[in-house]
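Since the structure is predicted, the reported quantities are computational estimates derived from the model, not experimental observations. Just so it is clear: chains get the letters A, B, ... in the order the sequence lines come, proteins before strands, and each one is counted from 1.
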Amino acid sequence: MSEQEEKPKEKTRRDFLKQVGIVGIGSVLAGSAIIAGINYDKRKTKGARIKVLTAENELLEIDRNDATKVGKFKAENLSYMQKQAREGIKGKRWVMVIDLSKCKNARKCMSACQDAHHLRPEQHHINVLKMQESTNTAPYYMAKPCQHCDNPPCVAVCPVDATYKRPDGIVLIDNEVCIGCRFCIAACPYSARVFNWTDPIRAEEDKDLVYNPELNVPQKKGTVSKCCFSADRCREGKLPYCVSACPNGVYYFGDENEDAVTNGTTKETVRFRKLIEDNAGYRLMSELGTDTRVYYLPPKNRTQPFKEEDKPEAGEHIGNNNA
Amino acid sequence: MLDQSKTNKITSDLLSHIRLNYAFKLWMGFLITSFLVCMYAYITQLDKGLAVTGLGDYVSWGMYISNFVFFVATSLIGMLISSVLGLSGAKWAAPLARIAEIIALAFAAVAGLVIVMDMGRPERLINVFLYGRIQSPITWDVTVVTCYVLISTLLLYIPLIPDMKYCYEKTDNTPKILKNIYKALSLNWIGSDEQKKILNKSVLILSILIIPVALGIHTVTSWLFASTSRTGWDSSIFGPYFVSGAFVSGCAAVIIAMNVYRSSYNLKDYITEMHFDKMAKLLVLVSLVYLYFNLNEYMVPGYKMKKFEAMHLHELFAGSHAILFWSVQVFGLIIPIILLLFKKMRKPSPMLIIALFVLLGAWFKRYIIVVPTMEHPFLPIQNVPFSFKVYTPTLTESLITLAPIILVLIIVTGLSKLFPIIPIQETIDHYEETK
C-alpha cells in the first residue's frame with residue numbers, strides 16, 4: 001500500500017530472480033506489480049495456459065508450469081486490487097438480460113452467488129422474488145441482482161467514495177474504505193444492498209486472503225456488500241457465477257458495445273439489441289431514471305406455471321392474499 | 001445612576017447556583033453511572049457489530065438515526081431564541097438566550113456522537129475527511145453541523161465575557177483554578193465603551209450568521225431522507241417540515257430547562273411567569289406551523305393514494321404504526337396546542353408536563369419518519385428472517401440510544417454549575433434601562 005512496504009519486497013524479488021536464474025515478468029502499475037516468472041528449462045512440459053502481463057504492457061499466454069510464483073505481497077496486492085477494481089475492464093459495457101419466462105425458481109443462482117461471495121444464508125446479492133404487480137395480474141418469479149445503474153443513487157450518496165461506478169458499467173464497493181453509514185442501502189430503490197451486521201460467515205478461513213473488491217471477498221464486518229456483476233469473472237472472460245449456475249436458461253450476460261450476450265445455460269450468443277427488441281425487454285422501475293444495466297424479458301409463454309403455493313407470498317407485497 | 005444594592009442583589013442571585021452542592025453531586029453521580037452503563041452497551045456493539053441492534057438489511061436505519069434527527073432538531077432552538085428573537089427586538093427573551101444556547105450547543109455537539117454510534121466502522125470516521133465527496137448529503141451535514149457547533153459556542157461564549165468578570169470577582173468558595181479560568185475567559189473585560197461596542201457587534205454578526213447555518217443543519221438532515229426515492233421520504237417539503245418540527249421540540253426542551261433551573265436555582269425573579277406565558281405562545285405558534293406542514297405531508301399523498309404511498313399511509317393511519325402515529329400527533333401536537341390556548345395552562349407547572357409530552361412526541365415523531373418507510377421498500381422483502389421485515393429495537397440498542405441523551409443532561413447540568421445561566425450584565429443593563 002505504502003512506499004515503505006514496497007521496498008523490502010522489491011529486494012526479495014531481485015534476490016530470488018538471481019538465485020534461481022529465471023526471467024521475471026512483472027508489470028508495474030502505479031507502484032504495484034503483478035509478478036510472474038518463466039522457467040525456460042521446463043519449456044516443454046504442458047499444462048494449463050495462463051495470461052501474463054509483461055512490464056512492456058504486452059499480454060502473453062504461457063504454460064502454467066513455465067510460470068513461477070515469485071512471492072505473495074499482501075499489502076502490495078491489495079492496492080493493486082483496489083486500483084484494478086476501480087479501473088474496470090477497458091472497452092466493455094457489461095449488460096445482463098433476465099428472461100422471466102424461463103425462471104422456475106430453481107434458486108441455483110442464489111446459492112452459487114452466496115458460495116462465491118462468502119455470504120450468510122440471509123444475505124442475497126441476487127434474490128429470486130415472487131412478484132405480483134396487482135390483483136388479477138399474473139404472479140411470476142423475478143431474479144433481482146444489483147441493477148448496476150448508470151445513474152446510481154447509492155454512489156451519489158456515499159460520503160467516502162467507497163462505492164463507485166466503473167467505466168465498464170459495474171458498480172462496486174471497496175470495503176476497505178466503507179464506513180458503514182448505510183446511506184447507500186437507504187438510497188437504493190432495488191433493495192440490492194446487504195450489510196455485514198456481524199462477523200462474516202467465513203471470517204476465520206478468509207482472514208489471510210487479499211481483499212478483492214471485484215469479488216468483495218473477504219467480506220468485512222460493519223461494511224456494505226452487494227452484487228458485483230461477478231467483475232472477477234468478467235476479468236477472466238467468464239460468465240458471472242449466477243449466470244453459469246442457472247439450469248433454466250434465464251440469464252444472458254455480455255457486452256453492450258459488442259451487442260452480444262451469451263446465455264449462461266445454453267452458451268448460445270445472441271444480439272443484445274435484437275433480443276430486447278424481439279421480446280419487448282424492459283428495465284425495472286425505469287421511471288426513477290436510474291438507467292439500469294439489467295434488462296428483463298416479460299414472463300409470457302412461461303416454461304412452467306407459477307406454483308400455487310407461492311401465490312400468497314407473491315401477493316403479500318400488494319396486500320393481496322390470492323385467496 | 002447605578003443602584004449599587006440592586007446590582008449586587010442581581011449579581012449574587014445569578015451567581016448563587018455556581019457551587020457544588022449535595023443535590024448536584026447526587027444527580028451528576030446518577031447521570032455518570034447511567035452513562036457508563038450505556039457506554040458498556042456501546043462497547044458490546046463495537047465488539048459484536050451492529051448485529052446487537054434490531055436493524056436488518058431492510059430497516060437499516062432505526063433508533064440511532066431517529067435519535068440523530070431529534071438531536072439536530074432540538075439544537076435549532078438556539079438560533080430561534082437568541083438570534084431571531086434577539087434581532088427582532090423581543091427583549092423578553094434575553095434572559096432565556098443563554099439557556100437556549102446551552103441546549104443548542106449540547107444537542108448539536110452530541111449529535112455528532114450519535115451518528116458515530118450508528119456507523120458500522122466508527123474507526124474509519126476519518127475517511128469522511130480524507131475521501132469526503134461533495135455530492136453526498138452526509139458531507140454537507142458534517143460541514144454544516146460543525147459550523148453550527150462553532151458558531152453556537154461563540155454565541156454562548158461572547159455574551160458570557162462580561163459575566164466572567166463577575167464570576168471571577170464575586171464568587172466565593174470556588175477553587176483557585178476555576179477562578180483563573182474565569183479570569184482568562186473574561187479577556188480583561190473592564191466594561192469600556194469600546195469593549196461593549198466590539199462585543200455587541202460580534203454578537204450581531206454571529207446572530208445573523210447562525211440563521212442560515214441553523215436552517216442548513218436541519219434542512220440537510222432532512223435531505224438525508226428526501227434525497228432518496230423511498231416512499232414517505234420522497235418529499236419536496238422535507239426541509240421546512242423538519243425545520244418547523246425542530247422548533248417544536250426545541251421550545252419544549254427550553255421550557256423544561258427553564259422550569260428545572262428556575263426551581264432548583266431559585267431564579268423565580270428572573271425567569272418569571274411572563275417568560276413562561278411568552279414561551280407557551282411561541283410553542284403554540286411553532287406547533288401550528290408544524291401542524292400545517294404535517295397536513296401537507298400526509299394529506300396530499302393521501303388524496304392521490306398512489307400505490308406505494310397508499311401502503312405507507314395505511315401502515316401509519318391504521319396499520320402496525322397507527323398507535324404510535326396517532327399518539328404522537330394527538331398528545332405531542334394537537335392537545336398541547338389546544339391546552340396552551342388557555343391562560344391557566346400557560347403557567348410553569350402545567351407547562352412542564354405539556355412540554356415533556358411534546359418532547360417525547362417529538363422523539364417518536366422522528367422514529368415514525370424513519371422506520372415505517374424502511375419497512376416498505378419498492379420490492380418485496382423475501383427470503384430473509386422475519387426480524388428483517390419488522391424492526392424491533394433491542395435493549396442494547398435502547399441503552400446506546402439513551403447514552404447521548406444522558407450526555408446532554410450532563411453537559412446542560414455541568415455548564416449551569418460553571419456559568420451563570422441568566423446573563424448578569426444584560427440583566428443589570430436591562431434593569432438600568434427600565435428604571
*Sort B:Phe388 into side chain, backbone, both or neither according to what part of it lies under 4.5 angstrom from a heavy atom of chain A.*
side chain
*Between the main-chain N or O of A:Val177 and the side-chain N or O of B:Asn127, is there a donor-acceptor pair closer than 3.5 Å?*
yes
*Relative to chain A, which of B:Leu224, B:Val384, B:Leu125, B:Thr139 shows the most heavy atom pairs under 4.5 Å?*
B:Leu224
*Using non-hydrogen atoms and a 4.5 Å limit, figure out which bit of A:Lys130 sits close to chain B: side chain, backbone, both or neither.*
both
*Counting only heavy atoms closer than 4.5 Å, note whether A:Leu288 contacts chain B via side chain, backbone, both or neither.*
side chain
*asked:* If you count heavy atoms of other groups shown closer than 6.0 angstrom to OH of B:Tyr42, is the number above 12?
replied: yes
_Residue B:Met119 versus chain A: region with a heavy atom under 4.5 Å_ = both
*If only atom types and distance count, is the side chain of B:Arg133 paired as donor or acceptor with the main-chain N or O of A:Val155 below 3.5 Å?*
yes
*asked:* So which atom in A:Val157 and which in B:Ser136 form the shortest heavy-atom distance, rounded to 0.1 Å?
replied: O-OG, 2.5 Å
*Is the number of heavy atoms from other residues, nucleotides or ligands within 6.0 Å of NZ (B:Lys389) greater than 12?*
yes
*Under 4.5 Å from any heavy atom of chain B - which part of A:Glu133*: both
_Exam field: side chain A:Arg182 to backbone B:Trp61, donor-acceptor pair closer than 3.5 Å_ = no
_B:Asn383 side chain vs A:Val128 backbone, donor-acceptor pair below 3.5 Å_ = yes
*With a 4.5 angstrom heavy-atom cut-off, could you sort out which part of A:Ile318 is near chain B: side chain, backbone, both or neither?*
both
*Please name the pair of heavy atoms, one in A:Met131 and one in B:Leu379, separated by the smallest distance, quoted to 0.1 Å.*
CE-CD2, 4.0 Å
*When rounded to the nearest 0.5 angstrom, what is the spacing between CD1 in B:Ile126 and CD1 in A:Ile179?*
11.5 Å
*More than 12 heavy atoms of other residues, nucleotides or ligands under 6.0 Å from OH of A:Tyr282: is that the case?*
yes
*Proximal component of B:Leu46, with respect to chain A [non-hydrogen, under 4.5 Å]*: backbone
*So which of B:Pro377, B:Ser60, B:Pro122 has the biggest tally of heavy-atom pairs under 4.5 Å with chain A?*
B:Ser60
*What is the minimum heavy-atom distance between B:Gly120 and A:Phe195, and which atoms define it?*
CA-CZ, 3.9 Å
_Can you give me the closest heavy-atom contact between A:Phe183 and B:Ser227, atom names plus distance?_
CZ-OG, 3.7 Å
_Can a donor-acceptor pair be found, under 3.5 Å and without considering hydrogens, that links the side chain of B:His376 to the backbone of A:His317?_
no
*Which atom pair, heavy atoms only, marks the closest approach of B:Arg121 to A:Lys220?*
NH2-CB, 3.9 Å
_Within the supplied structure, the quantity of interest is the number of heavy atoms (other residues, nucleotides, ligands) at a distance under 6.0 Å from A:Lys108 NZ; does it exceed 12?_
no
*Pick one of side chain, backbone, both or neither for A:Arg193, based on which atoms fall under 4.5 Å of a heavy atom in chain B.*
backbone
*Quick one: which of B:Thr373, B:Leu55, B:Val52, B:Val128 has the most heavy-atom pairs under 4.5 Å with chain A, could you say?*
B:Leu55
*Might you point out which heavy atoms bring A:Trp197 and B:Gly56 nearest each other, and give the distance in Å?*
CZ2-O, 2.9 Å
*What part of B:Asp47 gets closer than 4.5 Å to chain A, counting heavy atoms only: side chain, backbone, both or neither?*
backbone
*Report the distance from atom OG1 of A:Thr223 to atom CZ of B:Arg124, rounding to the nearest 0.5 Å.*
7.0 Å
_Region of B:Phe129 in contact with chain A, defined by heavy-atom distances below 4.5 Å_ = neither
*With a 4.5 angstrom heavy-atom cut-off, could you sort out which part of B:Ile134 is near chain A: side chain, backbone, both or neither?*
neither
*Which of the residues A:Cys181, A:Gly180, A:Ala186 is involved in the greatest number of heavy-atom pairs with chain B at under 4.5 angstrom?*
A:Ala186
*Among A:Asp199, A:Val224, A:Asp161, which has the most heavy-atom pairs under 4.5 Å with chain B?*
A:Asp161
*Is it true that atom NZ of B:Lys306 has more than 12 heavy atoms of other residues, nucleotides or ligands lying nearer than 6.0 Å?*
no
*Examine whether an atom of A:Pro153 lies under 4.5 Å from a heavy atom of chain B, and if so say whether it belongs to the side chain, the backbone or both; otherwise answer neither.*
neither
_For chain B, the option from A:Gly222, A:Ser134, A:Ala156, A:Pro159 that forms the most heavy-atom pairs under 4.5 Å_ = A:Pro159
*Side chain, backbone, both or neither: which part of B:Trp140 has a non-hydrogen atom closer than 4.5 Å to chain A?*
neither
